[in-house]
Amino acid sequence: MAAVFPLYLLLPALCGAGLIETSPKASVTADGALGGRANRTLGKGLLRASDARTRALERKPEAPPIGPVFGDESVKEAFKVWLSSWRNLYVDPGSDNVPLLEDGDLPEAFSGVDPKVVLSTGGVAGGVVTEGMGYGIMIEGMMAAQGDGWARVLGLGLMRSWMGMVQGPVPDKPLGGSSDSDGSATRVDGENYGASVVTGPSGPAGVATWKFPRDLCAADSPWLPCHGSAADGDVDAVLGMIYLAGAHNYPDDFVDVVMRMVISFASADLGFPDMYRTLPDGKRVYVPKAGSQWGGLTPPDGPFKTTGPEWCYNPAYFAPGHYRAFRDFAKAHWRPHFDEYLPPHLGGKGERTTLKELVAAFDGAILAGYNILYYSSCESGTVSNWVGVEASCEDNALSCKGVPWEYTPYVGKHQGQCSQSATKWGAFGADATRSIWRIAMDHALYTEESEKVDIYWRSGWVNQDIYFNARVFLNRIVTQYRHYSECDGGVEGGCGCHYPGCIENETKAYWLNAAFATDKWPRTPGLTCPHVPHHGQAWWAGFMSYPTFTAFVAPYRDEVSISKNASQNLKPMTARENQLWMATFAHLCNFSGYSEEGGWEIAGKVCQKTYFHVSQEAISTMIMSGSLTGVPRASKLGVEDTVMKDSLIPPVAALAGTSTRGVGAA
C-alpha cells in the first residue's frame, strides 16, 4: 500500500545530505520511496502528495462521530472462555512473594478479602510483575462495575496485593517506585523525579516496583534487587481501581486511596508537575515515561538522571482512554483536603500544585501521545516497540521549550536507537501491539473526544492537512485486513472451513495471517515504513494477533483507495460487517472442549493459554464484546443495597471445584 507522509517523516539523513529541498507540503511514501505520482525531481524539486488513499484517511469527516461497534454472541462467548483461562493465573501470594497488609491498614471494603496475585511467565516476566497485576485489576474492575460478584472479590484481592507491593518490606517507609525503602518514594525531589507514593489515612497508595520477589532481578543486576515502576502496569492498575471504587459506590476511604493512586501515577510516570515541554503555540505536553526511574523526558544527567536508555519511549504505554478516566475521576470526586496530596513545584517556595494543573497534565499527555503515535506507526497500523523522544533542555532542566516528536522514531538528530524489555527498536512486536487495544479503549470509552486530535509538524506547529485520531489509526489496521487477507471476514462464513473433514465455519487462520505475514516471502506489504523500519514478530502469537482484532470496534466510514483502479476501492463498512469480522476472529478457536469433561481444552492455531498470550486474548475479547463501559456513576444506594449478579464468568477453579492452581491451569 502506498501511504503518503509529510516530508518531515523522511529519514533525517536523506534531508541532511541535501538530496531534497522541501516545502511543508512535500511528501514521501511509507516505504521510503518518493510518493505515487509525485514529481520525483531531486535537488530543487518539489514532491506533491497525490495518493488517493491518504486523502480519504486524512480528510476531516463532516458527519458526527459514530461508534463504537461491538461483537455478537460468538465474541461474548469467546470472552467468557478467555477470562476464565486468564483467571487460572491468579494464585495466593504467600508471604515470600509480596508484602502482605493487615485489614486495619486498608479501606473497609478489603476486610476479610484474601490477597491474590497474577503468576506470570516468559520473557522478562516471571514471578509477580505489575504488568500482569495491572491487567488483572483492570479486567476485574471493569467486570465488577457491571455487577460481576466474582470480579468484585478478585479485584479487591489483586488490589490488596498491589498495595502491599507499594508498601514494600518496611512498614513505615513505603517502597513504591524507588530503589529502596528510604522514604524517597514520597518526595517529588527524591531519588527520582516524581512522587511514586502518596501517603494517607487508608493505606499506601502509589505505583509499585515492577517485579516481586525483588531478588528475581539479581541475575540481571547482581546484588541489586528489582527497582522502579513500569508505567504500563501502573496505568492499567489505576484504571481498574477507579472501576472497583465505582463498583462499591465510591466510599470515602476507597476514593481517598484511588485518588492518591491517580496522583502518584501522574507524578512518577508522567512527570507531573515539572517534567514537560512547551510547544511553540504555548501548549504544555507531558510524555509518558517507561516508569518511575527512566524513559520519556527524564534527563540523561543531573540530579534526576535516568537509570535506563536515554530519551526512550514505548508507544504502547500510551493509554489515552485511561488518562481521560483519571482526569474525569479527579474532577468528579475531588475534596478540598486532597489538595495536600498534590506534589509541589520544585524550586523557590515549593508552590503547591492544583487540581486544574493535574487535569491539564493528563490532557497534555494525550496530545503528546497521539502525536508520537503518528510518528511511530505505518499506514498498515504497525507500531514501533520503542522510539526516541529527545527534546533536551539546557543544564538537564526538567522543562523547557521543545518538541518531543521532532526526531521520532529516532533518538535525536544523529538517528540513535533505544530499546528495553527484550523487544526491538523500530519493529512491531510484543510491546507495540498493545497500542492497538489501548487506542480501541479510547475510542470505545471516549468516542467523541478521541476524534479530536491535533497533529503537529515536527517543528511544533499544528499541521492542518493531517487528520489522525483513534478511529483513523484503528481503520488503518482494518484496511490491512480487508486488503491483504485471503478471505473476507465481513461476510457470513467468509473465512470459514467448508470442505469435508473440517469443522463448519471454523476460521482458517492462515488466510488472516496473510494481512500481517512476516513468516513468508515476500512479506505482506506495508508492515514497515520510515516510522517502523524493521519487521517484527509473527502474527501467529496470540499476543500479536488478538490486539489487532480490537481495531474492528471502530466504524469504517471512508472509501479507501488501494490501487489506481477505483473499482477496487474499499467501501465503507456497515456495523454488521464489523461484527462479522469480529465473529470471524472469535471462531479461530474451538471452545467445545472447554469443560471439566473436555480437560479445559482450547483448540486452534492462535489459541495459546500461557501468560503473554492469554492476557491479550482476554483483554481484546473484553473490548470486542462490549464488556467495558464508562466509569460508573455514584448510586444513591449503598453497596449493601445494590443487587450484585452471581459471577458471570467464574474462574476455571470455581467451575472445577479445585484450587486456582488446579484443573484447567494454562
For the residue pair [X] and [Y], establish whether any side-chain heavy-atom pair is separated by less than 4.5 Å.
X      : Y      : value
Phe338 : Val255 : yes
Ser615 : Tyr135 : yes
Leu358 : Thr354 : no
Val188 : Pro273 : yes
Phe326 : Val258 : no
Lys331 : Val359 : yes
Glu310 : Trp294 : no
Arg324 : Met441 : no

[X] and [Y]: which non-hydrogen atoms are nearest, and at how many Å?
X      : Y      : result
Pro632 : Tyr243 : CD-CD2, 3.8 Å
Phe318 : Tyr313 : CB-OH, 3.4 Å
Arg476 : Ser377 : NH1-OG, 3.6 Å
Ser229 : Asp269 : OG-OD1, 3.2 Å
Val207 : Trp162 : CA-CZ2, 4.3 Å
Phe265 : Ala231 : CE1-O, 4.1 Å

Inspect the contact between [Y] and [X] and indicate whether a charged nitrogen and a carboxylate oxygen are less than 4.0 angstrom apart.
X      : Y      : answer
Asp339 : Arg352 : no
Arg260 : Asp256 : yes
Arg434 : Glu131 : yes

Inset, instruction - Go through His248 and Arg152 one step at a time and tell me if the side chain to side chain contact (heavy atoms under 4.5 Å, CB included) criterion holds. - result: CA-CA 9 Å; His248 289 80; Arg152 277 186 59 195; 3.3 Å; yes
Does [X] use its side chain to pair, donor to acceptor, with the backbone of [Y] at less than 3.5 Å?
X      : Y      : result
Asp253 : Glu108 : yes
Thr209 : Lys211 : no
Asn385 : Ala432 : yes
Asp274 : Leu346 : yes
Thr278 : Lys401 : no
Gln146 : Met143 : no
Ser292 : Ala268 : no
His443 : Ile439 : no
His322 : Asp236 : no
Arg438 : Ala319 : no

Distance-only side-chain donor-acceptor flag, [X] / [Y], under 3.5 Å:
X      : Y      : value
Tyr467 : Glu451 : yes
Thr130 : Asp234 : no
Asn463 : Tyr374 : no
Gln293 : Thr306 : no
Tyr456 : Asp281 : yes

Point-to-point distance, once rounded to the nearest 0.5 Å, from [atom1] of [X] to [atom2] of [Y]:
X      : Y      : atom1 : atom2 : answer
Cys312 : Glu390 : SG    : CD    : 11.5 Å
Thr307 : His227 : OG1   : NE2   : 6.0 Å
Thr298 : Lys305 : OG1   : NZ    : 12.5 Å
Ile242 : Met142 : CD1   : CE    : 9.5 Å
Ser459 : Glu406 : OG    : CD    : 8.5 Å
Trp437 : Ile619 : CH2   : CD1   : 4.0 Å

Inset, instruction - Output, in order, the C-alpha distance, side-chain angles, deciding distance and verdict of side chain to side chain contact (heavy atoms under 4.5 Å, CB included) for Val389 and Trp405. - result: CA-CA 5 Å; Val389 289; Trp405 50 88; over 6 Å; no
Legend entry - Residue pair Tyr375, Tyr407: steps toward the ring-ring contact (aromatic ring centres under 6.0 Å, His included) verdict: CA-CA 9 Å; Tyr375 290 105; Tyr407 303 109; over 10 Å; no
Legend entry - Residue from Ser178, Ser196, Ser179 passing side chain to side chain donor-acceptor pair (under 3.5 Å) with Glu191: Ser179
Parallel, tilted or perpendicular for [X] and [Y], by the 30°/60° rule?
X      : Y      : answer
Tyr250 : Phe329 : tilted
Tyr410 : Trp425 : tilted
Tyr276 : Tyr286 : tilted
His337 : Tyr341 : perpendicular

Inset, instruction - Under the side chain to side chain contact (heavy atoms under 4.5 Å, CB included) rule, what do Tyr323 and Asp363 come out as? Steps first, then yes or no, please. - result: CA-CA 8 Å; Tyr323 302 163; Asp363 286 335; over 6 Å; no
Legend entry - Geometric cation-pi criterion Arg327 and Phe362, 6.0 Å radius, 45° cone: no
Legend entry - Over 12 foreign heavy atoms within 6.0 Å of CG, Asp182: yes
Legend entry - Step-by-step side chain to side chain contact (heavy atoms under 4.5 Å, CB included) determination, Ser202 to Phe254: CA-CA 8 Å; Ser202 304; Phe254 208 126; over 6 Å; no
Legend entry - Residue list, side chain to side chain donor-acceptor pair (under 3.5 Å) with Thr548, at least two apart or on another chain: Tyr481
